[in-house]
Structure formats: structure tokens, C-alpha cells
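Each chain gets a letter, A, B and so on, in the order its sequence line appears, and its residues count up from 1.
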Amino acid sequence: MANTPRTPLKREQIARRIAQDFADGAIVNLGIGMPTLAANYIPAGREILFHSENGLLGFGPAPEKGKEDPNLVNAGKEFVTMLPGGCFFHQADSFSMTRGKHVDVAVLGGMQVNPRGDLANWKIKGAELGSIGGAMDIARGAKQVFVAMTHTTNKGEPKIVNELTYPITALKCVTRIYTDIAVIDVGPNGLVLREVAPGYSAADVQAVTEPKLTYEKEPAVIAI
Amino acid sequence: MANTPRTPLKREQIARRIAQDFADGAIVNLGIGMPTLAANYIPAGREILFHSENGLLGFGPAPEKGKEDPNLVNAGKEFVTMLPGGCFFHQADSFSMTRGKHVDVAVLGGMQVNPRGDLANWKIKGAELGSIGGAMDIARGAKQVFVAMTHTTNKGEPKIVNELTYPITALKCVTRIYTDIAVIDVGPNGLVLREVAPGYSAADVQAVTEPKLTYEKEPAVIAI
Amino acid sequence: MLNKIVNSLATAVADVRDGATILVGGFGGAGVPEGLITALLRQGTKDLTLIHNNAGRDETSIAPLIKHDRVAKLICTFPEAKTAYIFRDKFLAGKIKLELVPQGTLAERIRAGGSGIEGFYTPTGVGTEVAEGKDRREINGVMCILEYGLRADFAFVRARLGDRWGNLVYNQASRNFNPMMAMAGKIAIAEVDDVVELGGLNPEHVVTPGIFVQRVVKTENLNG
Amino acid sequence: MLNKIVNSLATAVADVRDGATILVGGFGGAGVPEGLITALLRQGTKDLTLIHNNAGRDETSIAPLIKHDRVAKLICTFPEAKTAYIFRDKFLAGKIKLELVPQGTLAERIRAGGSGIEGFYTPTGVGTEVAEGKDRREINGVMCILEYGLRADFAFVRARLGDRWGNLVYNQASRNFNPMMAMAGKIAIAEVDDVVELGGLNPEHVVTPGIFVQRVVKTENLNG
């Protein structure tokens, strides 16, 4: 392993890794951006129901070119199709699903996460505007919240921090973090490093992570 | 008029008088008992939509004998039919309609009413049990609440009283009272006697009514 | 594969334990999950808390459970009725506790429970015995009382058709409380006339999205 | 006869006055009542408060009203978007006020407003800037904030079919906010693809019961 060059995961690889953690039959809400890609990598033999907060459950992939229907879009305003068994509902019912803890997994983008699982992902620090959309309800309401993000900012600053400095989305919500170099659980006693990208050591990940990571042994390499 | 014998209205006549006050196009909820009879006396040319709190809007009369469907009943558990344009919904939506002031008129039975329009109609004084059902929501939520009742109890005691002694259903809700001997409005300054049954004088009605009734002139005789 | 179909009513209720709280759909005789109730009676569980609009209907609906002393407490809106004589006797004998709730408040409390709304302010019940001991608050000039969301260990619902994802449609007025109860039961069990293939329900016509339902079971005649 | 059909979009919005509050359905490009918005732009009303998920979409949706300085305040969930450049410029120039609401809270506030529920406790937003200045309360171990019901003078909704009683069905994901908005507008105006005869909608499939709708108007191409 000392000979493997450090190889951070690409966006598609992070998405593929996340999809491995969707249990068969899970109801999953995917946020805009990298989370949406996870739909492309569902492991064979698993049936996943996708929920979209604008009022869809059980939607499928994008339609063929020329068959797009402006009345059939997901929360990211992308054209989708419906699978057999899918259904429509209004937004109050849709958020009864998220707020009421009926959605098994939400995958959200992240700007910052802290060791208590607090999440910031809706507004850049100091920005005049930001868009909450469904983020606060979904982060607070899903049974498990997975965050998908690069491990550091463009400037190399940690996004996994001791205290959030960006506007908060929800407290104590994140259960697992997937980055380009690690998979980290948010446990009752803080962050537990589970897996690392090829060529990375636990120490490498710790070096770009502000809070202390714990791990029982040298963590596994992410299977991609 | 002095020659007309005092003729209190029968239940069907009270119901008929009430139905005259349903405006064309009104959405009406009828309580169990005498109120339900009003559906039989809609004046010609008026289209009334009946709401039932168990989740029906736009239902019609009882089905032919032998065509009763146990899944198509109103709140009084009577078999009904659906008119073209009728629809079904769940009880939370049904009470959004009543609580949210979307129902134009509710006709309810009454045990006591006071000059402020407070209503008692769900439980006999001192009873071990009583049934609220939809009464509290409907009394509180309909735009107009008509009460249909006999003017006095079996023992001749007034049901229109200064202060309620029976358990309260809702405060300040009743807009008009229809009894076997009078039609009385609940106005901002108390009770206004509008109409009397054939052979009754205003003084006759006042004699069996605890609060003071006002009236501009000798009231009209109820047209039956 | 997500398959919520259960083979028998007995299997569907096998894990209901003593002391469980159960939401039971239906209004009068419409939409009552009679098969699940019968299966539960045979299963033998006791000390139940039931939440249901009525208090039993002659020897049907929840009456058999009350008759056999399985019910410690009933939360309902309409306990006083000729047909609820079994409940009445048990109540007067001090063998069953009663919490009386206005019908619209009950529907809304159940929907709130299923939607992750912990409490709400309603004008229904202000000034009545229902308001006793409850927090009051005036909002927009409207006096309200605070009511709490209601959840249960199980929900027994009755529907017309269901599929293996748990999607449901109902039969006319038998919809009533069933959709909200499915939302608020940790384990919602739907007794259906028929199970249909996935895709057999039009996505525009689904009333209860499958996310709210954990088990679907075809009705059986257990008394035959 | 109850006839809610209006002959033209211009007639439907003729009585909207300066300073009115308007709920506008739609999510992204799906389910937006474009015709009513265009008719309102031509009608000339100003100082509006709009309630809508987004802040305009390029030159469509509510953007034209914002561009022509008709909107004094916007209540929305997702103001920051590439396609909302018209709003962004007006906001940064101080020409329009913004109230930012999480999406599930917005949906629920509108439903509550239409349902006569004056306020509710939700866990969404706790610990975030959305909670600033709001009442907090812990219920069942869950910290919540108090949010209020939201009503408006008008609701502009977009549906697929409507009848003269106001019953509506929608087109797939264009359902979104429209059903709740119909509930919460004092005058709810539905722009529909087509008007159908009474009885043309199956009573089991109606999504918005006519009681919530005051006007139904067939869409027109006002830009053609």
C-alpha cells in the first residue's frame, strides 16, 4: 500500500461508494449535484425508491431525448420518468414524509460538518442570499443523512471542522460523511474513520480534518 | 291573526324553513337528526353542495332499496349516493374544510344557546358520557351556524338561556336559531326575533325564552 | 426487492405486544379493518390503547376487543351511541379509560404525528371541557389551545387495493381516518380487498403513498 | 347553480388590488400559473406580496412581475439560483423584501392557514437563522420552533382539469404547492388546461375538492 499513489476519488466514484450503502428496499432522497449521481450506481439486485421533495416517490431515470415532460421533474428540476409503483403527492404530504422520519436515507451536499453531526450546506458565509429549499427539513427528518462533499475547500481548508462557521442547516443530523479521500461515521463519541481512498493513510486524512478522528485499526481502502 | 290557533312547527316544517335560507351554491353541513331533514326541502332552482365530515362533498339522496353500499355513508351513518361533481377525501382534509372556514352553513342540533351565540349540544348535563364527534370543529368553523331545536325541553324549560348550564360545544358560533315556534338571529347586541309560528305573538315566544328578545315590529309569520 | 405483502392476517399482527398503542381506521362501519381486529383478538394481546373514531358498533369493529377486556384505554370522538353498549358497560364498570377528542382535532393530531409536527394551535374546543388543562394562546386574534401530535406502535387500516410497495387506494367514504393513520403508525398494516401488481395503480390516483405503509395483507373471512 | 367558471384570465384577476398578498403555485417550471401571472402583469396591480417556492425563472414564472416592480415582498424557499437573476438584482438594489422559509415549513404553513390551524411546532430550522426570534418549545424530547399559518387574499394555482364546482386534478409533478395554496387563498383561482363537465372527474381521483376553489379559468396563450 505504501507503493500506491494517493488517488482521491472522482465525483462519480464518491457517488458509487455512497450507493453501496443503500439497503435493498430503501427510500432515498438525493440532493442536487453529486448526490444525484448515486442513482446511477445502485448495486445489482437492489430495489431503491427515490423520493423527491417536490412530490414524487418511485421515479426513474431521465427520459429519452425528445420525451421530456416539463410536468415531470425532480427537485433538481431535471426531467425524470416514473417507475411502475411510483406516485405523485403535494408538497405538504411530501414533507410529512421527510419531517415525519419516513425517508430512510438522504444524501446531501455539504459545506461543513462537525463531530456532533451538525451540517452547514445552504449558504456561503457572508453571502447576501442563499437557498434553503428542502435542505433543512430533509436534513432534520431523514432517518440517516449521508453527506457527499470534497474533503477540503478549493483552498485546502478542512470542511470537517470543530465548529461550524457557515450558516447552519440542521443540528445533529449527519450520520455518515463521504469525501474524495474518506468515509467517516458520526458516532456518539465523535468521528470514526471507516475507509480511505487508495494510497491514503489514516494520518493523511487526519491531517486535513480539524477534529480528532478515531479508528480501531488502519482503515480499509474504499472499494471503487 | 288573533284567530289563528297556536300551531308549533313539526320537525319537517322546521327543516323546510331552514332550507329556505340556503343560498344557491352554498356548501352546507347537516348534523344528525332534524338538521338532516333539511336536505329534503331545498327550494327549486337552488344547487346546494352537502359536506359530510367523514369525507364527502356533493353527496345526494339515499339510494334505492337494495343499492345501499356500506362504503358510502354520511356522518350520520346513513346510506347516500354521490352526485356528479361529488368527491371523497380523508378526515384531516375534511376538517380543514370546516375549521378553515370553507363551509358556508352548518345546521346543528341544540340543547342550549345563549345570547352571545354560545352553543351546548353534545352532552347532557351530568351524563357519564357524551359524544363530541365533529360538533366542536363544525360549530367553531362554519361561516354560519344554524341551530335547529325545539324551543323548550320536554319539561317546558327554555333552551334559549342567559347562561349555558350544559357542557359547551363552542363559544360565539351560532348565527341563527330555528325552533318550532320562532326564527331568532344572534346579533351583535343579542337575540333578534325575526319570525314566529302561526298563531304565536312575540310575547308568546318571549314567555318561553330566558334572555330578552328584541324585534323592530311584530315579527312575520313563518311561511311553511 | 421491496415487498410489503404479508401472507395472512395472523402473520400481519403476530408481533403486536401487550401494551401496544394501535390506530384503527374506520368511521362507523365504513373502512374498519375487521379482519385485522379479529386476527388480533385471536392472537391474544391485551392492555391495548386503541385510537378510533367510535367505541365499537354492536358486536363488530373494535367491540370484540373491548368485550374480551383487551383494551385498557380508548381515545375516540364518539363513545356515546346506541351501538356502543359494550364499551358503555365496560366504561361504567371502570374497566376501560377514555380520552375524548373532537373529531377534527383527532384527525389533525394523527396527521401531525405522522408528519413530525409535535404540536399545533387550534381554535376547536376553546371554552369547552376539552380545553381544560391545555395551554392557550391567542394568534391573529383567535384564541387557540395547544394539541399534540399522536403516533402509535401500529396502525390498522382498511383499503380497497394495495401493491407490494404499500401504495393504497380506498373505497369511497371508507377512506376517512385511514390515510392519516397509515402516516402515524410506526408499523402500518393495510388490510386490502385485493393486492395488485406494481404499476396497477395510476400514480395520479394513489391516495396513500407506499412510504407510509409497512405491511399489506389481503382480507380473509376469519368468521366464515 | 354553482358555477365557478370564468371566461378569461383577465376577468379572473380583475379584482386583485394594490397591496394584495398572492400565493403562486409551482416549483421550478412545473405547475406555475403563467397565464394568470401574465394577466396580472397587464392588469397593472403593484405593491404585491407573493408567496412562491422560487424567485422567478429567467423571464418566466413570477420574474416578469418582479422585473416591472410590482412585487414589494417575496416569501420563498429558493431565491438564490442562476435563473433568478432578475430577483437578485432587485433584491441587492433594495427594491424587494425577502422572507426566507424552509420548503417543508412553507408547505405546512400554507396548509395550516387553509385549515384554520393558527400555528404549529416543527423541529425544522432549530439552531439555524430561521429560528431567530421565534418561540421555542421542547415536546416529547424534540426541540421545536413555532411557525404560523399563512393565508393570502388570492391563490393562483395551475391544474390540468377543473369543473364548475371547482374540483381539480393536476399533471404529475406540477401538483406540488398548488393543492395547499388553493386551500389558503381567500379567492383561489385555478388556471386549467381544460374545463370538464360536472361528473367528468372521478370522485375518487379529485385532488382538490371544489370547496377550496373560487374561480376556474381555461388557460390562454397571452403571449401568442
Count the heavy atoms belonging to other residues, nucleotides or ligands that lie under 6.0 Å from NZ of Lys46(C), then report whether that count exceeds 12.
no
Considering residues, nucleotides and ligands other than Lys97(C), do more than 12 of their heavy atoms fall under 6.0 Å from its NZ?
no
For His205(D) and His205(C), take the angle between the two ring planes, folded into 0 to 90°, and tell me which bin it lands in: parallel under 30, tilted 30 to 60, perpendicular over 60.
parallel
Interface residue of largest heavy-atom contact number with chain C, from Thr122(D), Val169(D), Asn202(D), Asp135(D), under 4.5 Å
Asp135(D)
Contact summary for Gly116(D) and Pro123(C), nearest pair of heavy atoms
O-CD, 3.3 Å
Would you mind checking which part of Glu108(C) comes under 4.5 Å of any heavy atom in chain D, side chain (CB onward), backbone (N, CA, C, O), both or neither?
side chain
Ring centroid separation Tyr121(C) to Tyr148(D) under 6.0 Å
no
Could you give the distance from CD1 (Ile139(D)) to CD1 (Ile117(C)), rounded to the nearest 0.5 Å?
10.0 Å
Electrostatic pair Arg160(D):Glu204(C) at N-O distance under 4.0 angstrom:
no
Do Arg111(C) and Arg111(D) pass the side chain to side chain contact (heavy atoms under 4.5 Å, CB included) test, and can you show the C-alpha distance, the side-chain angles, and the key distance before you say yes or no?
CA-CA 12 Å; Arg111(C) 180 191 171 277; Arg111(D) 181 191 170 278; 3.2 Å; yes
Could you grab the distance from atom CZ of Arg151(C) to atom CG of Asn140(D), nearest 0.5 Å is fine?
6.5 Å
Other residues, nucleotides, ligands: >12 heavy atoms within 6.0 Å of Arg137(D) CZ:
yes
